[in-house]
Amino acid sequence: MNIAVFASGNGTNLQALIDAEAGGGLSPGKIVLVVSDKAGAFALERAKKAGIETRVIEANGMPREEYDKKVMSEIKDKNVDLIVLAGFMRILSSNFVKQYNERILNIHPALLPAFKGTHGIKDAFEAGVEVTGVTVHFVNEELDAGPIILQEEVPIEKGDTLETLEEKIHAVEHRLYPKAVKLFAEGKLKIEGEKVRIRS
Ligand code: GRF
């Protein structure tokens, strides 16, 4: 079960996946490639340190379809079974999503369908909700939509600042994402309409 992780930034979720794999926590999944659209992404350093192959594919104003074709041709020879988006700051074309239908996962730092978009944590904090959380979902052609695999609540407490909330959210992400990836790798996820059933 070959996994490609796509990341644009710090890569703490990638790190959580790398650490999980080292402890058998993604089995039978194996991260074979890390793709980034940013040459300076720290995620690339994390991958290299773990001995994982990396590809930097920069967009430089390239149209989305063209960029995605390039990515697809780069990952083809790695026989990728699953794509894990971990802070990848690009929207995938519908062609790409169709090509890897039901084989792309994303993590979002809020309880979808609430607080979609790039500032899920801040938006929830500023909205004054009492509970936010983390969502792992299959990617479809809509932004931050797609069948939900796992969700976990994170309460926003009185003394929380945006920073403390971010820390809490990330801690949950780092636990939830490897769990979801392992379930996929074990073939335990079944999409039924809009929902995901987890086989025991
Ligand atoms: C995470 O908060 C994730 O939910 C969102 O992007 C962030 C990536 O963080 N999609 P990192 O690069 O994994 O540290």
Side-chain angles (χ1 to χ4, degrees), residues 1-21 26 28-109 112 116-120 135-149 170 173-174 177-178 180-185 187 189 191 196:
M1 240 285 315
N2 291 341
I3 300 167
V5 179
F6 287 17
S8 303
N10 189 353
T12 63
N13 280 285
L14 168 66
Q15 190 65 55
L17 293 164
I18 291 171
D19 295 345
E21 185 187 331
L26 294 190
K30 185 176 169 11
I31 305 169
V32 296
L33 188 67
V34 170
V35 174
S36 184
D37 59 327
K38 299 267 185 300
F42 191 62
L44 292 166
E45 301 306 316
R46 297 180 189 271
K48 283 178 199 152
K49 200 167 166 214
I52 302 167
E53 236 182 273
T54 60
R55 298 266 194 290
V56 177
I57 310 169
E58 289 187 301
N60 295 321
M62 208 185 286
R64 185 173 296 157
E65 288 282 340
E66 198 184 315
Y67 179 87
D68 284 4
K69 267 189 197 146
K70 212 166 162 190
V71 175
M72 278 192 261
S73 77
E74 286 283 345
I75 64 177
K76 233 165 218 157
D77 59 321
K78 302 299 292 181
N79 294 319
V80 169
D81 303 295
L82 172 68
I83 293 170
V84 175
L85 305 181
F88 189 60
M89 299 309 285
R90 288 183 61 84
I91 296 169
L92 298 171
S93 60
S94 65
N95 212 15
F96 191 107
V97 174
K98 276 186 194 126
Q99 193 79 23
Y100 286 91
N101 186 32
E102 302 188 356
R103 291 187 293 152
I104 310 174
L105 306 188
N106 185 42
I107 188 156
H108 185 77
L112 291 175
K116 295 180 177 185
T118 37
H119 306 290
T135 305
V136 180
H137 65 98
F138 280 102
V139 170
N140 64 12
E141 290 176 50
E142 245 180 273
L143 186 67
D144 293 331
I148 291 169
I149 301 165
H170 292 316
E173 286 186 332
H174 300 159
Y177 219 1
V181 170
K182 185 167 172 58
L183 286 170
F184 182 98
L189 302 179
I191 300 180
V196 176

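These numbers come from the heavy atoms of this one structure, side chains and all, not from hydrogens, waters or symmetry mates.
- A donor-acceptor contact shorter than 3.5 Å links the side chain of R64 to the backbone of I91.
- L14 CG to L85 CG: the interatomic distance, rounded to the nearest 0.5 Å, is 12.5 Å.
- At a cut-off of 3.5 Å, with distance as the only test, no side-chain donor of Q99 or N95 sits close to an acceptor on the other residue.
- Side-chain contact check for M89 versus T118: some heavy-atom pair is nearer than 4.5 Å.
- With contacts defined as side-chain heavy-atom distances shorter than 4.5 Å, the pair V5/Y177 does not qualify.
- Using a 4.5 Å heavy-atom threshold, the side chains of E173 and P109 count as touching.
- Closest approach of A16 to P178, counting heavy atoms only: O-CG, 3.9 Å.
- When each of D37, I57, V71, I104 is paired with F6, the side chain to side chain contact (heavy atoms under 4.5 Å, CB included) condition holds for V71 and for no other.
- Across K116 and A145, no two heavy atoms sit closer than the pair NZ-CB, 4.4 Å.
- Two residues are said to be in side-chain contact when any heavy atoms from C-beta on lie closer than 4.5 Å; R46 and T12 meet this criterion.
- Contact check for H174 versus Q15: no side-chain heavy atoms found under the 4.5 Å cut-off.
- A distance of 10.0 Å separates CD1 in I149 from CD1 in I107, rounded to the nearest 0.5 Å.
- Considering all non-hydrogen atoms of both residues, F184 and E102 come closest at CE1-O, 3.4 Å.
- A donor-acceptor pair under 3.5 Å is absent between the side-chain atoms of N106 and the main chain of V139, judged by distance alone.
- Closest non-hydrogen pair, E53 versus V32, comes out as CB-O, 3.7 Å.
- Here the CD1 atom belonging to I83 is positioned 3.5 Å from the CZ atom belonging to F96, to the nearest 0.5 angstrom.
- Rounding to the nearest 0.5 Å places CD1 of I31 at 5.5 Å from CD1 of I18.
- Side-chain atoms of T135 come within 3.5 Å of backbone atoms of L112 as a donor-acceptor pair (strictly under, hydrogens ignored).
- Annotation for A43 and G11: closest pair CB-CA, 3.8 Å, computed over non-hydrogen atoms.
- Atom NZ of K30 sits about 12.5 Å away from atom CG of D81, to the nearest 0.5 Å.
- With contacts defined as side-chain heavy-atom distances shorter than 4.5 Å, the pair T54/V56 does not qualify.
- Here the straight-line distance linking atom CG of D77 with atom CD of E74 works out to 7.5 Å at 0.5 Å rounding.
- Remark: side-chain polar atoms of D68 are not paired, donor with acceptor, to backbone N or O of L92 under 3.5 angstrom.
- The nearest pair of heavy atoms linking I52 to L33 is CG2-N, 3.8 Å.
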